[in-house]
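Each residue takes its place number in the sequence, starting with 1. Quick caveat: nothing in here was measured; it's all calculated off a predicted structure.
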Amino acid sequence: MRQTCILVADDEAANRRMLREILEGMGHAVFEAADGEAALESAVRESPDVILLDVQMPKLDGYGVCAKLKGDLRTKLIPVVMLTALDQFPDRLRAIEQGADEFLTKPFNIVELKARVRTLAALKQFTDELESASEVLEAIAEVVENRDAYTAGHSRRLGAYGVRVGQALGLSEGDLRILRLGGIFHDLGKIAVPDGILNKPGRLTPEEFDVVKCHPVVGAELCSRMKSLKDVIPLIRHHHEKLDGSGYPDGLKGDRIPLLVRIISVVDVYDALVTK
C-alpha cells in the first residue's frame, strides 16, 4: 500500500518539526515548506495527499496559497487544512471561501489533528481511485473508437469542441468538464456493436440499425455506477436525440433535451461533416 504523503507549510521551524514528529508517528511521509511560494512548488512537485497550511507566511499567505491550489487542476483535489492562531469568524469564513477543507486553531488538539488528517487522507485515496477508474474508462473508449477506421480521434475532438462552445456560451468550469467527458464517453456503448455492423461499407439494414441504436443505452449503463460521472450520463444516453422527437433512444423533444446534450449533439454532427 502506498505511503500517505503530507505537506506541512509553516514559516516556524519549531511548528514544522512538531508536526513532522506527529505525522511520521502515524506512518506518513512528510514534506516541508517555509513560505507560501515554496508550498505551491512542493504541492505541484510532490502531489501530497493532505496539506497542512499555516495562514501567516512570508511571500504568500495561506489564504493566497489555498486559492491558487484550488484553482489549479493539478492540485485542486488535495485536501487543505488551515492551521492558524487566528480564531475569529471572518478568518474561518475567508479560509472556507478560498476552498479550505478544514480549519484548526493553534494550539490545536493533537488527537483532533490526527483524526482530521486520517479522514482527509482516506477521502483523497477514494478520490484518486475514482480518477483512476475514469482514466480506465477513457482508455476503453479510445479502444472502442479505434475499432472504426472512420472515427479515430473523434471522441477527443468532440470533447474539445464541446468545451470551446461552452466557453463561448459562458458556461461554468463544472459544465465544461461535463462537456469534455461527454465527448470522450459518448460512443462508449459501441463496445456492444459487432465489427461487421460498425464497419459495414454500405447502408445498414433496419435490424442492423436497431443494434447501433442501443449504444447510447449501453454506454450510459457502463458509467452508471460511477458517481463522479453522474452528470455526464445524460450526454452519453441522449446525444442522438433530436428537437423534433425523432431521435433515439427515448424520443426526447424540444426543451426536454438538456443544453449540454444539445451542444454535444451539434459538435458531433459538425465533426462528421468536416471529417472524411
Side chains of [X] and [Y]: closer than 4.5 Å at any heavy-atom pair?
{"X": "Val8", "Y": "Leu23", "answer": "yes"}
{"X": "Cys223", "Y": "Val232", "answer": "no"}
{"X": "Val266", "Y": "Val165", "answer": "no"}
{"X": "Ile197", "Y": "Val212", "answer": "yes"}

Gap between atom [atom2] of [Y] and atom [atom1] of [X] - 0.5 Å precision:
{"X": "Lys124", "Y": "Thr119", "atom1": "NZ", "atom2": "OG1", "answer": "15.5 Å"}
{"X": "Met26", "Y": "Ile6", "atom1": "CE", "atom2": "CD1", "answer": "7.5 Å"}
{"X": "Leu52", "Y": "Leu120", "atom1": "CG", "atom2": "CG", "answer": "9.0 Å"}
{"X": "Met82", "Y": "Ile51", "atom1": "CE", "atom2": "CD1", "answer": "11.0 Å"}
{"X": "Leu181", "Y": "Ile236", "atom1": "CG", "atom2": "CD1", "answer": "8.5 Å"}
{"X": "Leu169", "Y": "Leu176", "atom1": "CG", "atom2": "CG", "answer": "9.5 Å"}

Please find the pair of heavy atoms, one from [X] and one from [Y], that lie closest to each other, and give the distance.
{"X": "Met57", "Y": "Asp11", "answer": "CG-N, 4.1 Å"}
{"X": "Asp61", "Y": "Gly64", "answer": "OD1-N, 2.8 Å"}
{"X": "Val55", "Y": "Tyr63", "answer": "CG1-CE1, 3.5 Å"}
{"X": "Ala121", "Y": "Val50", "answer": "N-CG2, 3.7 Å"}
{"X": "Ala9", "Y": "Ala39", "answer": "CB-CB, 3.7 Å"}

Residues which pass side chain to side chain contact (heavy atoms under 4.5 Å, CB included) with [X], listed by chain and number, not counting sequence neighbours:
{"X": "Ser224", "value": "Ile233"}
{"X": "Tyr270", "value": "Tyr161, Val274"}
{"X": "Leu259", "value": "Leu171, Ile263"}
{"X": "Lys253", "value": "none"}

Is there a continuous path of hydrophobic side-chain contacts, each under 4.5 Å between heavy atoms, that joins [X] to [Y]?
{"X": "Val44", "Y": "Leu7", "result": "no"}
{"X": "Val217", "Y": "Phe209", "result": "no"}
{"X": "Val211", "Y": "Leu198", "result": "yes"}
{"X": "Val218", "Y": "Leu229", "result": "yes"}

Review point. Does Arg164 have any salt bridge (Lys or Arg N to Asp or Glu O under 4.0 Å) partners at least two apart in sequence or in another chain, and if so, which?
Key: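 Counting only residues at least two positions away or on another chain, Arg164 forms no salt bridge (Lys or Arg N to Asp or Glu O under 4.0 Å).
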**Study point:** ILVMFWY clustering at 4.5 Å (side-chain atoms), partners of Leu273
**Key:**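 Taking Ile, Leu, Val, Met, Phe, Trp and Tyr as members, Leu273 shares its hydrophobic cluster with Val269.
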Review point. Side chain to side chain contact (heavy atoms under 4.5 Å, CB included) with Val267: which of Leu158, Leu179, Val163?
Key: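 Among the candidates, only Leu158 passes.
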Check your understanding: Given Glu208, which of Lys200, Arg203, Lys213 fulfils the salt bridge (charged side-chain N to carboxylate O under 4.0 Å, His left out) condition?
Key ->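 Testing each of Lys200, Arg203, Lys213 against Glu208, the sole residue satisfying salt bridge (charged side-chain N to carboxylate O under 4.0 Å, His left out) is Lys200.
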Review point. Yes or no on side chain to side chain contact (heavy atoms under 4.5 Å, CB included) for Leu222 and Ile191, after CA distance, side-chain angles and deciding distance?
Key: CA-CA 10 Å; Leu222 285 172; Ile191 195 171; 4.0 Å; yes
Exercise for review: Mind checking ring pair (Phe, Tyr, Trp, His ring centres under 6.0 Å) for His28 and listing every partner two or more places apart, or none if nothing turns up?
Suggested key: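 Applying ring pair (Phe, Tyr, Trp, His ring centres under 6.0 Å) to His28 gives none.
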Contacts under 3.5 angstrom, residues 70-80 side chains, donor-acceptor by atom type, not counting sequence neighbours:
residue	atom	partner	partner atom	Å
Lys70	NZ	Lys76	O	3.3
Lys70	NZ	Ile78	O	2.9
Lys70	NZ	Asp101	OD2	3.0
Asp72	OD1	Arg74	N	2.9
Asp72	OD1	Arg74	NE	3.2
Asp72	OD2	Arg74	NE	3.3
Asp72	OD2	Arg74	NH2	2.8
Thr75	OG1	Leu69	O	2.7

Check your understanding: Under 4.0 Å between a Lys/Arg side-chain N and an Asp/Glu carboxylate O for Asp255 and Arg262?
Key ->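 Between Arg262 and Asp255 there is a salt bridge, with a charged N closer than 4.0 Å to a carboxylate O.
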Review point. Which pairs, with at least one residue in residues 30-41 and sequence neighbours excluded, count as a salt bridge (charged side-chain N to carboxylate O under 4.0 Å, His left out)?
Key: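 Pairs touching residues 30-41 that pass the test: Arg16-Glu32, Arg20-Glu32, Asp35-Lys59.
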Review point. Could you give all pairs that pass the salt bridge (charged side-chain N to carboxylate O under 4.0 Å, His left out) test and reach residues 234-244, with sequence neighbours left out?
Key: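 Passing the test, one end in residues 234-244: Arg237-Asp250.
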**Study point:** With sequence neighbours excluded, residues passing side-chain hydrogen bond (donor to acceptor under 3.5 Å, both in side chains) with Asp268
**Key:**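 Asp268 satisfies side-chain hydrogen bond (donor to acceptor under 3.5 Å, both in side chains) with His154 only.
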What donor-acceptor contacts under 3.5 angstrom involve side-chain atoms of residues 110-118, with partners at least two apart or in another chain?
residue	atom	partner	partner atom	Å
Glu112	OE2	Arg116	NH2	2.6
Arg116	NH1	Glu102	OE1	2.8

Point to revise | Side chain Ser42, main chain Ala38, donor-acceptor under 3.5 Å | key: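 No; zero donor-acceptor contacts below 3.5 Å.
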Exercise for review: Start with the C-alpha gap between His215 and His239, add the side-chain angles, then the distance that decides, and say whether ring-ring contact (aromatic ring centres under 6.0 Å, His included) holds.
Suggested key: CA-CA 11 Å; His215 81 269; His239 68 278; 5.4 Å; yes
Practice item. Assess whether side chain to side chain contact (heavy atoms under 4.5 Å, CB included) is satisfied between Leu104 and Val81, documenting all intermediate values. Key: CA-CA 7 Å; Leu104 290 178; Val81 181; 4.1 Å; yes
